[in-house]
Amino acid sequence: MGLLNRQNVVLLFGAPGAGKGTQARFLAEALDVPHVASGDLLREHRRQGTELGRAAQKYMDAGDLVPDELVINMVLDRLDQPDATAGVLLDGFPRTVKQAQALDERLGSHGIQVAHALSLDVPTEVLVERLSGRWLCGECHTSYHTVFSPSPAGPDRCGNCGGTLYQREDDKREVVQTRLRKFLDETRPVVEYYQRRGILANVDGNQDIESVRADLAKAAGAGEKQSAAA
Ligand code: AMP
C-alpha cells in the first residue's frame, strides 16, 4: 500500500501562466516523489477512452471543473500506487474544499497529513501579460511571445517560415482575464483551507526560474530531506 510509510505529500497551487508545470517537474525531482497532475490523469483517461474519460470530456472542453465524485477516487487511487510510498507532489488537486477534505480523510486513515501546501504567486497583471502575448504561426506552428520571444520577422510574420502569425482565441486578453478570474475564484477557498491549517507557504513566482525553483524546494523542505538522508 503506497500510503503506509513516511509520506511526504506536497501540494502545488498556481494560476495558468505562473510556471507551475515547469516548477512541478523540478520540485518532484528534488523531493524524489512522483509528480501527479490531475489534469494529466484525466487526459490519459480520455486518450484511453475509459468511461471516466468520456464522462470528464464535456467539462474539460468547456473549461469547467470535472465533478468531485469523478476526480476524487481517480487521484486517491493514484496515491495507493507503489511509486507513491515516499510521498507525492500533487498538482491541480485538490481544486475544491470537498476534494481537500477527501484527501485529508484518506491520508488521516493512514495516520498522515499533507506536509506542505505551496502557492506559486504571480501578480495578475503579469499573468495576463505572459498569457496574452503568445502568437502562433498558422503554417509551421512556431510559438512566439510579443515580449519574451518576438518573431525576428516582425509582429505578424513567422521568423521560421514567413507564415502569418495568429493569436489563439483563449489567449486573447479579455478571455485570459476571464480564465484567471475563474481560476482565482475557484482556488481561493482551497488555498484558504490550508492557510487556516497553518501549512500554506506563499512562494514568489515573479522571479527568474532558478530563484523560484530554489524557493519552492526550500518551502517544501527538499533540502531538509536531503540532509536528513545524508
Ligand atoms: P489542468 O491540466 O490542471 O489545467 O486541468 C485540465 C482540466 O481538467 C481542468 O480544466 C478541469 O476540467 C479538469 N481538472 C483537472 N484537475 C481537476 C480537479 N482537481 N477537479 C476538477 N477538475 C479538474
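Start at 1 and go down the list; that is how both ligands and their atoms are numbered. For the single chain, residues carry numbers from 1 onward in sequence order.
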* Atom indices of ligand 1 within 4.0 angstrom of Q99 heavy atoms, with elements -> 18 (C), 19 (N), 20 (N), 21 (C)
* Structure fact -> With heavy atoms and a 4.0 Å threshold, my read on which part of L42 contacts ligand 1 is side chain
* Are L42 and F13 in one and the same hydrophobic cluster, where Ile, Leu, Val, Met, Phe, Trp and Tyr link if side-chain heavy atoms are under 4.5 Å apart? -> yes
* To do: Quick one: look at V66 and ligand 1, take heavy-atom pairs under 4.0 Å, and tell me if it's side chain, backbone, both or neither.
  => both
* **Enumerated ligand 1 atoms positioned under 4.0 Å from heavy atoms of D64** => 11 (C), 12 (O)
* Structure fact -> Ranked by distance from atom 7 (C) of ligand 1, the top protein heavy atom is M60 CE, 4.0 Å
* Asked: Where's the contact between D68 and ligand 1, heavy-atom distance under 4.0 Å: side chain, backbone, both or neither?
  -> neither
* To do: Mark up the atoms of ligand 1 that fall under 4.0 Å of a heavy atom belonging to V71, in ascending order.
  => 18 (C), 19 (N), 20 (N), 21 (C)
* Structure fact -> Of P67, G39, G92, A37, the one whose closest heavy atom lies nearest atom 19 (N) of ligand 1 is G92
* Taking only heavy atoms of R43 into account, list the atoms of ligand 1 that are under 4.0 Å away from them. => 2 (O), 6 (C)
* Considering only heavy atoms from C-beta outward, does the side chain of L52 approach that of N73 to under 4.5 Å? -> no
* To do: Would you mind running through ligand 1 and noting each atom that sits below 4.0 Å from a heavy atom of S38?
  => 15 (C), 16 (N), 17 (C), 19 (N)
* Do H45 side-chain atoms and E51 backbone N/O form a donor-acceptor pair below 3.5 Å? -> no
* **R46, K20, R95: member with heavy atom nearest to atom 5 (O) of ligand 1** => R95
